[in-house]
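Taking it in order: structure first as structure tokens, then the write-up.
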There are 2 protein chains.
Amino acid sequence: MTIRNPQQTRERLLQAAFQEIHAHGFQGMRVDEVLRLTGLQKGAFYHHFGSKTKLGYAVLEEQVRPLIESLWLEPLTKIEDPVCDFPLLLDSLGERIPPTMHEHGCPLNNLAQEMASQDEGFQERIAQMFTQWIDAFEVMFEQGKPDGYIRKDVDSRTVARFVVTVLEGCIGMYKVDHAQEQWAACRSQISIYLQTLRPVNN
Amino acid sequence: MTIRNPQQTRERLLQAAFQEIHAHGFQGMRVDEVLRLTGLQKGAFYHHFGSKTKLGYAVLEEQVRPLIESLWLEPLTKIEDPVCDFPLLLDSLGERIPPTMHEHGCPLNNLAQEMASQDEGFQERIAQMFTQWIDAFEVMFEQGKPDGYIRKDVDSRTVARFVVTVLEGCIGMYKVDHAQEQWAACRSQISIYLQTLRPVNN
DNA sequence: TTGCGAACAAACTAGTTGGTCTGTTTATGA
DNA sequence: TCATAAACAGACCAACTAGTTTGTTCGCAA
């Protein structure tokens, strides 16, 4: 008599799938390998998820999304002076992310590059998550205006788009050759860029 | 009696493979589909390329590399004032790239994100091509110094790294939802950033 | 207590995929 | 001209892969 725990079974499948997708991409992820990692069988898999694609959606929403939220969205709300504090947040990133991130990059960006043009379901979910991410940055810059940290005429949304772009680009570049200079370059130059958002009459 | 042309046969295979890899990724590319597109048979394929992987390498070096060179490296050599001319080069990009690029993004970046952590052969070739690309930007910024376009104390390599990062990030973001604002944001903010490279006593 | 659906196990299937093997035709150099 | 290798055609194969089916067991509500 084995004790059953449907929620935990589902969660185990999700975590193993997330791990495999992060390492090999969605198309590279093998259902059989997820089963091997969890010690479960086909029956369990297709009971909880109807198909490989639906599993992918679930991983995106239940694994990747919370990760982005805790790693980025939540810390951003605590930033007072974007120009000064955001680069500091970047510095702490190395310690805040799990080791697998160094090797395989940002799971959201990976899925974005692989699946956005392949599957509409992925595309929509990914686009929404990026929008949410940009929103968080926009709020951060907007909130910096009343306190005089950011110029009033700055287009916060445009700046937010740019910052997210730099982040994804940087993580992508780092994935290629893991060069420390690459990360350092983005860190220093984003800081220089942010200085341009300061009010003129300092 | 059919006329044989080994070089052309090889080239046809390369072009079809490039097209398929660009559309579906390397792992998503099917040898059979390349054969169908070219009207050739397995014999021809495995005569010219020993394996799918070797074909991938050949596509990278004989299709992607020349594309990067003609689209970026070559135009960069003609730029005099980086701060002013580079954003103009970006503006002309829309007309200079083939339509498939809009849909599937940068083939080099796609392969980078998909294969860098999967296969050492890909990783090394991709890293080298990125280095070459960064080199070209570095030269551009360095050459802008004697003429007073760029501050003498600017670290050209760091700036070059940053610019390539922004480009790849931007193309990647554009791939997700094809938003015009995304492209416009990067275009305008990269221009603002480049202004910080100007000498102070203008 | 019992009935019934949820939660699995496990064998099976049909289609796909990269790659091989054998044979045939074309070019090329001696 | 003729031998030899290059340049293919095309059938074949073994491994893999997502998904199905059937059957069994567990948990909960009535």
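Order of the sequence lines fixes the chain letters, A, B, ..., with proteins taken first and strands second; residue numbering starts at 1 for each chain. It should be emphasised that the depicted structure is a prediction, and the values quoted were computed from it without experimental measurement.
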Please confirm whether the ring centroid of B/Phe162 lies under 6.0 Å from the ring centroid of B/Tyr193. yes
Counting the benzene-type ring for Trp, do B/Phe26 and B/Phe122 have ring centres under 6.0 Å apart? yes
Rounded distance (Å) that lies between atom [atom2] of [N] and atom [atom1] of [X]:
| X | N | atom1 | atom2 | answer |
| --- | --- | --- | --- | --- |
| B/Asn5 | C/dA27 | CG | P | 10 Å |
| B/Phe49 | C/dG18 | CZ | P | 15 Å |
| B/Lys42 | C/dG18 | NZ | C1' | 6 Å |
| A/Arg10 | C/dA7 | CZ | P | 11 Å |
| A/Met29 | D/dT17 | CE | C1' | 12 Å |
| B/Leu55 | C/dG18 | CG | P | 11 Å |

Does a nitrogen or oxygen in the side chain of [X] sit under 4.0 Å from OP1 or OP2 of [N]?
| X | N | answer |
| --- | --- | --- |
| A/Thr9 | C/dC8 | yes |
| A/His48 | C/dA7 | no |
| A/His47 | C/dA6 | no |

On a plain distance test, is the side chain of B/Arg4 in donor-acceptor contact with the base of C/dA27 below 3.5 Å? no
Quick note, B/Gln41 side chain, CB onward, closest among D/dA18, D/dA6, D/dA9 is D/dA9
Among C/dC8, D/dA18, C/dT17, which nucleotide has an atom closest to any side-chain atom of B/Arg30?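 Among C/dC8, D/dA18, C/dT17, the one nearest the side chain of B/Arg30 is C/dT17.
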